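Only one structure is covered here, and it is reproduced in the block below.
In what follows, residues are counted from 1 in the order of the sequence shown. Given the structure is predicted, the values throughout are model-derived calculations rather than measurements.
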Amino acid sequence: MGRDVNHLLNLVKRHQNYRRAIQQIHTQLIFTTAENAFNPSSIPIILTLWNSVIRHYSLGILPQEAFFLFQKLRFQYQKVIFFDSFTYLFLIKASANLEQFCIGKQLHCLSLKDGFESHVYVQTALVNMYGECGLVREAKKVFDKMPVRNSVTWNALISGSVKWGDVKVARAVFDAMPEKNVISWTGLIDGYTRMGRFNEALTLFREMVVVEGIKPSEVSLLAIFPAIWNVRCLECCQMVHAYGEKSGINAFDIRVMNSLVDAYAKCGSIDDAVRVFEDIIDERRNLVSWTSIISGYAIHGMAKEASDSYQMMVDAGVEPNRITFLSMLNACSHGSLVDEGLEFFRKMVDEFGIQPDIKHYGSLIDMLGREGRLVEAEEIALEIPNAMSNVVIWRTLLGACSFHDNADMGERVMQKIMEMENKYGGDYVLLSNILAGMGRYVDSEVVRRVMDEQNALKAPGLSFT
């Protein structure tokens, strides 16, 4: 038996990440367990093997298999095999990954029954599981009952609170932490960024680096980038860039380089974005790299450069996705390249088999509307499936009607808008102005009267006098 078990242990070590091999070991282990279930000296080794199989299933594409196996083993060998902390850690992690809190609660009860109510790693896994599943209060209850906590426990509660938008709880936990590490700081920074509290995220990032002297990780940099470009802080972008170079993060993490390209463009410096992109060697450039620079060119109205980059990307063997095409449509829209934009739309659908979503249609209508090709824009708007169409599409077209003084189409578009939403005053005002601009003052007043009858909301005016 010993030789068989050692053989299985060696196989598990060599093939832990290979599903077919683990399934074969699983089959062999069934027979080995049945033969040695009542041999006390063999049980620890057998449990180690089963834990390895459970771990593989828990982290694999079908984590449910781990639960089924655990249930079967518990039923068949309940008086022989007593599961340890590793078993529960793997299973609780699987329930967290699946966001199956019902299974997680059952595991919680079983772990208490098996004596793990004070086990720091099992209890930390439960805090993480409840947080991942959105049960932050349950996570806090487990946390509060723990006699001993480690930094992972504190960070798990912060992470769970952040994931579900409760930055207030996350901040309270963060402030109460006896020792904060880069993961703690990054978790809270990410929370502020997710909630759109960008200045607070930047303040916290500066405090971490300057006051506390904690070196940001690549995850820290990725968390702060959205705050940087949302407040258009070019200086912050340059500082993060310099830190990434000095620390070596830029050299090994392509995500940071791609984010730098994106952030520089959104902060107004397309030249810096291009320089960062060109610093990425050809072998490291991926779809996100190319899409980021194409999007940057689009933001700055540089349609030709965007088109050239698209062609270089295709020549490099990188296949575009829906975001790439959306960036190209936006570039063509801002660069008045309507025919080119229509061709990109055709390529997306016909050559790459990508079905357009509402953003693609919106960009296409905006592009046609800017150039006064309103009939084509209206035809496309009418072709959008009802399940996808929204009022923003028609408001975009109404704005184009206003710009090009097309009252007849404006009335048709307004009718479509009214079918979806009739309480936004801006729609009425825009159509009223279109009609007044065409000399149709009576009709303009009718629209204003309907707006009042519908109690449509109007944006308040501002005065500096």
Side-chain angles (χ1 to χ4, degrees), residues 58-59 61 63-64 66-67 88-112 116-117 119-146 149-205 207-208 214 216-231 255 259:
S58 297
L59 301 177
I61 58 174
Q64 298 92 331
F67 304 135
Y88 283 107
L89 284 172
F90 302 146
L91 293 168
I92 293 168
K93 179 61 177 175
S95 63
N97 290 340
L98 288 170
E99 296 188 1
Q100 292 282 348
F101 68 86
C102 292
I103 296 174
K105 281 188 174 181
Q106 293 177 50
L107 290 167
H108 186 178
C109 293
L110 289 173
S111 70
L112 295 178
F116 295 103
E117 67 275 3
H119 195 286
V120 64
Y121 297 117
V122 173
Q123 296 302 303
T124 296
L126 287 167
V127 172
N128 178 70
M129 181 274 296
Y130 282 124
E132 287 293 312
C133 294
L135 302 178
V136 179
R137 287 186 180 180
E138 294 296 323
K140 187 68 164 58
K141 285 181 183 178
V142 176
F143 178 88
D144 289 339
K145 290 179 181 178
M146 291 177 67
R149 309 180 187 110
N150 58 25
S151 61
V152 179
T153 317
W154 290 87
N155 290 334
L157 188 56
I158 291 173
S159 177
S161 302
V162 164
K163 180 178 179 179
W164 298 98
D166 201 336
V167 181
K168 185 176 180 181
V169 169
R171 183 66 198 239
V173 175
F174 177 84
D175 289 339
M177 282 188 74
E179 292 184 16
K180 305 174 182 67
N181 57 24
V182 66
I183 298 173
S184 321
W185 287 89
T186 300
L188 191 58
I189 289 167
D190 182 51
Y192 282 129
T193 303
R194 285 171 183 249
M195 296 301 295
R197 296 164 64 173
F198 305 118
N199 286 315
E200 288 169 278
L202 286 168
T203 299
L204 199 64
F205 185 81
E207 185 180 346
M208 176 182 76
I214 295 175
S217 67
E218 63 274 17
V219 179
S220 309
L221 301 188
L222 293 171
I224 199 62
F225 274 124
I228 290 173
W229 60 255
N230 267 287
V231 301
R255 298 173 302 169
S259 296

Quick one: closest heavy-atom pair of Ala139 and Val127, and the distance?
-> CB-O, 3.5 Å

Can Trp185 and Phe174 be said to form a ring pair (Phe, Tyr, Trp, His ring centres under 6.0 Å), step by step?
-> CA-CA 8 Å; Trp185 287 89; Phe174 177 84; 5.0 Å; yes

Are Pro216 and Met208 side-chain neighbours, meaning at least one heavy-atom pair lies under 4.5 Å?
-> yes

Steps toward side-chain contact (heavy atoms from CB on, under 4.5 Å) verdict (Asn155, Met177) = CA-CA 9 Å; Asn155 290 334; Met177 282 188 74; 3.9 Å; yes

What do you reckon, is NZ of Lys180 surrounded by more than 12 foreign heavy atoms closer than 6.0 Å?
-> yes

Interatomic distance, Leu126 atom CG to Ile92 atom CD1 [nearest 0.5 angstrom] = 4.0 Å

For the pair Ile189 and Ser220, evaluate side-chain contact (heavy atoms from CB on, under 4.5 Å) and give the outcome as yes or no after the intermediate values.
-> CA-CA 8 Å; Ile189 289 167; Ser220 309; 5.8 Å; no

Any chance you could lay out the side-chain contact (heavy atoms from CB on, under 4.5 Å) test for Glu200 and Leu204, step after step, and finish with the verdict?
-> CA-CA 6 Å; Glu200 288 169 278; Leu204 199 64; over 6 Å; no

CE (Met146) and NE2 (His119) are apart, to the nearest 0.5 Å, by 10.0 Å

Any side-chain heavy atom of Tyr121 within less than 4.5 Å of one from Tyr88?
-> no

Please round to the nearest 0.5 Å and tell me the distance separating atom NZ of Lys93 and atom OG of Ser58.
-> 10.5 Å

Do Asn181 and Ser184 meet the criterion of a side-chain donor-acceptor pair at a distance under 3.5 Å?
-> yes

Starting at CG of Leu112, measure out to NZ of Lys145 and round the result to the nearest 0.5 Å.
-> 8.0 Å

So does Phe198 have more than 12 non-hydrogen atoms from other groups sitting under 6.0 Å from CZ?
-> yes

Could you tell me whether a side-chain N or O of Asn230 sits under 3.5 Å from a main-chain N or O of Pro226, the two making a donor and an acceptor?
-> yes

Strictly under 6.0 Å, is that where the ring centroids of Tyr130 and His108 end up?
-> yes

Charged N-O contact under 4.0 Å between Glu99 and Lys163 | yes

Spell out, as yes or no, whether a donor-acceptor pair under 3.5 Å connects the side chain of Trp164 to the backbone of Val136.
-> no

Taking every non-hydrogen atom, the tightest pair across Phe116 and Val122 = CB-CG1, 4.2 Å

Where do Glu138 and Phe101 land on the side-chain contact (heavy atoms from CB on, under 4.5 Å) test, with the steps shown first?
-> CA-CA 10 Å; Glu138 294 296 323; Phe101 68 86; over 6 Å; no

Can you measure from OG1 (Thr186) to CZ (Phe205) and round to the nearest 0.5 angstrom?
-> 8.0 Å

So CD1 of Ile224 and OG of Ser259: to nearest 0.5 Å the spacing works out to 12.0 Å

Are Gln123 and Thr153 close enough that some pair of their side-chain heavy atoms sits under 4.5 Å apart?
-> no

Do any N or O atoms from the side chain of Arg255 and from the backbone of Leu222 form a donor-acceptor pair under 3.5 angstrom?
-> no

Side chains of Val167 and Ser161 in contact at under 4.5 Å (non-hydrogen atoms) = no

Please report the closest heavy-atom contact between Val162 and Gly187, naming both atoms and the distance.
-> CG2-O, 3.4 Å

